[in-house]
Amino acid sequence: MKIAIIGTGNLGKSIAKGLITNNTITSLYLTRRHLQDVQEFDGYKNVVLTTDNIEAVKQSDILIFAVQPAHFEAILNTIKLYLTEKHVLISTITGYGIQNIENQVGTDRFIIRAMPNTAIAVGKSMTCLCCNTQGEKRIKIAEAIFNGLGHTLSIPESQMQAATVVCASGIAFWMRLIRATTQAAIQLGFDAKEAQELAMYTSEGAAHLLITNGNHPEEEIDRVTTPMGCTITGLNQMEHKGLSSSLIQGMVASFNKINAIKEEQI
Ligand SMILES: NC(=O)C1=CN([C@@H]2O[C@H](COP(=O)(O)OP(=O)(O)OC[C@H]3O[C@@H](n4cnc5c(N)ncnc54)[C@H](O)[C@@H]3O)[C@@H](O)[C@H]2O)C=CC1
Ligand SMILES: O=C(O)[C@@H]1CCC=N1
């Protein structure tokens, strides 16, 4: 596949790492305004670093846009004259709807919105996908790319904002939970390195139990909570302090912030 990542910042670099590691690229153009910030990709076979978005578009079939929302419109304006029937446009941009993209480049383009997360760098992204009518003819290509770098789910565009919170911001939320677990483990007597090891692999195990067994979390919790035991004592104390409630409220606040970002764009 001939892929370009337009805007190789935090997410773009993560996608590039994933693509290079799983070796699905024929060529990979990485664009950024200042190339010194993407030097880590210099020297990889078939990877081209450039500040020239038009050149990247001309040389690629699949265009993955990973710029900040405020920069997207200007970039689409710059490249739209160079789009041909071969191009599949994949936007990872938060709060920027398909209709906005169509307004820039036309309804006859293959347009897909993808919401991956930074775990794409290690092939473990949960990526939600949606597309315009034309994009349905190319959605299999997007699924192939993102299934190679984790797990995908096709959703209606109306759920994309929620997917951004749950999946993309979700990496940060889970990191904070893992950090808090690490801090507790240190207080309980482990050194910092061991504490993080315990937190990381325990959270991995919990997720894998659900992925493998397909159970509801409470079913797995029931297997751990000995009556009058330490687990239920800890869990109940966490709920008294608002663990579930604060997570839910945080995620709803995050969701509402995307509406504010959208309004700033108008
Ligand atoms: N960071 C994340 O975990 C996720 C981010 N997103 C979305 O992806 C987009 C990018 O996010 P980040 O990577 O965090 O932002 P970022 O700011 O780290 O990266 C954007 C990059 O685009 C570059 N850029 C700006 N104008 C350019 C131009 N004209 N030509 C080439 N490059 C240009 C910037 O120099 C910057 O390196 C945003 O729209 C964000 O909402 C979506 C899912 C996850
Ligand atoms: O924080 C943000 O706004 C972006 C979108 C999801 C992850 N990073």
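Being a predicted model, the structure only gives us computed values, none of them experimental. Ligands are counted one by one from 1 in listed order, and the atoms in each one are counted from 1 as well.
Within ligand 1, counting atoms from 1 as listed, the ones closer than 4.0 Å to a heavy atom of P116 are 43 (C), 44 (C). Atoms of ligand 1 found under 4.0 Å from any heavy atom of N53 (numbered from 1 in listed order, with element): 28 (C), 29 (N), 30 (N), 31 (C). Every atom of ligand 2 is numbered from 1 in the order shown, and the set under 4.0 Å from a heavy atom of S169 is 6 (C). Atoms of ligand 1 found under 4.0 Å from any heavy atom of T118, numbered from 1 in the order shown, are 3 (O). Near M115, meaning under 4.0 Å from any of its heavy atoms, are these atoms of ligand 1: 42 (C), 43 (C). Annotation for ligand 1: atoms under 4.0 Å from non-hydrogen atoms of A168 are 43 (C), 44 (C). Against a heavy-atom cut-off of under 4.0 Å, T92 is close to the following atoms of ligand 1: 6 (N), 7 (C), 8 (O), 42 (C). Counting atoms of ligand 1 from 1 in the listed order, those under 4.0 Å from a heavy atom of G9 are 13 (O), 18 (O), 19 (O), 21 (C), 37 (O). Listed by number with element, the atoms of ligand 1 under 4.0 Å from a non-hydrogen atom of H71 are 25 (C), 26 (N). Of all atoms in ligand 2, listed by their number and element, those nearer than 4.0 Å to a heavy atom of T94 are 5 (C).
Residues T233 and Q237 bring no donor and acceptor atom of their side chains to less than 3.5 Å of each other. In this model, a donor atom of one side chain and an acceptor atom of the other lie less than 3.5 Å apart for N22 and T24. Judged by distance alone, the side chains of N132 and E157 never bring a donor and an acceptor atom under 3.5 Å apart. Defined by atom type and a distance below 3.5 Å, a donor-acceptor pair is present between the side-chain atoms of T31 and N53. Residues Q134 and T107 bring no donor and acceptor atom of their side chains to less than 3.5 Å of each other.
Atom 17 (O) of ligand 1 has as its closest protein heavy atom Q68 NE2, 2.9 Å. Protein heavy atom nearest atom 28 (C) of ligand 1, with residue, atom name and distance: I75 CD1, 3.6 Å. Of all protein heavy atoms, the one lying nearest to atom 26 (N) of ligand 1 is R33 NE, 3.5 Å. Of all protein heavy atoms, the one closest to atom 31 (C) of ligand 1 is T31 OG1, 3.5 Å. The protein non-hydrogen atom at the shortest distance from atom 1 (N) of ligand 1 is L11 CB, 4.1 Å. Looking at atom 23 (C) of ligand 1, its nearest protein heavy atom turns out to be G7 CA, 3.9 Å. From the protein, the heavy atom lying nearest to atom 10 (C) of ligand 1 is A66 O, 3.1 Å. Atom 7 (C) of ligand 2 has as its closest protein heavy atom A168 CB, 4.0 Å.
Across every non-hydrogen atom of L30 and A16, the tightest pair is CD2-CB, 3.8 Å. Smallest separation of non-hydrogen atoms from I98 and C131: CD1-C, 3.4 Å. In this structure, R113 and I93 approach most closely via the heavy-atom pair NH2-O, 3.7 Å.
At a distance under 4.0 Å, no protein heavy atom can be found next to atom 2 (C) of ligand 2.
In this structure, of I6, I79, T94, the residue bringing a heavy atom nearest to atom 41 (O) of ligand 1 is T94. The heavy atom nearest to atom 38 (C) of ligand 1, out of those in I64, N10, D52, V67, is found in V67.
In terms of polar-atom proximity, defined here as any N/O pair under 3.5 Å, R32 does make such a contact with ligand 1.
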Discussion item. Run the side chain to side chain donor-acceptor pair (under 3.5 Å) test on K80 and N77 for me, step by step, so that the C-alpha distance in whole Å, both residues' side-chain angles and the decisive distance to 0.1 Å come before the verdict.
Written reply: CA-CA 6 Å; K80 68 182 176 192; N77 267 324; 3.0 Å; yes

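Side-chain atoms of N100 never come within 3.5 Å of backbone atoms of Y96 as a donor-acceptor pair (strictly under, hydrogens ignored). A donor-acceptor pair under 3.5 Å is absent between the side-chain atoms of N215 and the main chain of L210, judged by distance alone.
The only option from R223, E219, E220 that meets the side-chain contact (heavy atoms from CB on, under 4.5 Å) definition with L209 turns out to be E220.
The CG atom of L19 sits 6.5 Å away from the CD1 atom of I120 when rounded to the nearest 0.5 Å.
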